[in-house]
Amino acid sequence: AYNGYTAAPGYGYAPVAPMAAPPLSDRERDFLRLFLSEGMLGVTDMRNLTGHPPSTVHTTMEKLQEAGLISRVGQKRALTPYGEQVARTL
């Protein structure tokens, strides 16, 4: 299990520096916060939570997915471990 440390050859374990968050729009930050609080969400779920049109929700989710912050789980999407790390800093 991941414990925040990585093996450093010849030195045992060393702390892993968190990856820096990519530049995010206010909307993308809002989406990440919602994924963190709500769990898996689909386009319709996010539209109902935010009031944004489906096309905007889909485009924003695609950008977050391309950045490695969320991943597809069936018809819904969920935070990746990296996405969770970033969302907790917002």
Side-chain angles (χ1 to χ4, degrees):
Y2 176 74
N3 62 5
Y5 289 82
T6 186
Y11 298 100
Y13 283 87
V16 174
M19 289 177 61
L24 297 168
S25 69
D26 289 341
R27 181 183 306 124
E28 291 164 346
R29 290 173 189 273
D30 291 343
F31 276 38
L32 289 178
R33 287 186 195 103
L34 285 168
F35 277 112
L36 187 61
S37 66
E38 302 292 324
M40 287 196 309
L41 296 167
V43 172
T44 302
D45 302 321
M46 191 64 82
R47 183 197 69 207
N48 292 339
L49 289 167
T50 65
H52 293 300
S55 59
T56 301
V57 171
H58 187 271
T59 300
T60 304
M61 285 184 168
E62 287 297 315
K63 288 180 181 177
L64 293 173
Q65 194 168 330
E66 288 170 10
L69 297 167
I70 64 172
S71 63
R72 185 179 284 275
V73 180
Q75 293 298 312
K76 298 192 181 248
R77 289 165 183 83
L79 289 172
T80 62
Y82 172 51
E84 185 175 342
Q85 174 189 332
V86 170
R88 290 187 184 284
T89 67
L90 301 177

Spatial distance of atom CG (Leu32) from atom CG (Leu64) [nearest 0.5 Å]: 5.0 Å

Side chain to side chain, Leu41 and Phe31, heavy atoms closer than 4.5 Å: no

Nearest heavy atoms of Gln65 and Ser71, plus distance in Å: CG-CA, 4.5 Å

Leu79 to Ala87 - nearest heavy-atom pair and separation: CD1-CB, 4.2 Å

Min side-chain heavy-atom separation Thr50-Thr56 under 4.5 Å: no

Minimum-distance pair of heavy atoms, taken over all atoms of Ala78 and Val73: CB-CG2, 4.1 Å

Nearest-0.5 Å distance that lies between atom CE in Met40 and atom CD in Gln75: 11.5 Å

Rounded distance [0.5 Å steps], CG in Leu69 versus OG1 in Thr80: 5.5 Å

Close side-chain approach of Met46 to His58, heavy-atom, < 4.5 Å: no

Note, Arg47 side chain near Thr44 side chain (heavy atom, < 4.5 Å): yes

Charged N-O contact under 4.0 Å between Arg33 and Asp30: yes

Distance in Å, Glu28 CD paired with Leu90 CG, rounded so as to fall on 0.5 Å steps: 11.0 Å

Separation between CG of Leu24 and NZ of Lys63, rounded to the nearest 0.5 Å: 11.0 Å

Heavy-atom side-chain proximity of Glu38 to Asp45 below 4.5 angstrom: no

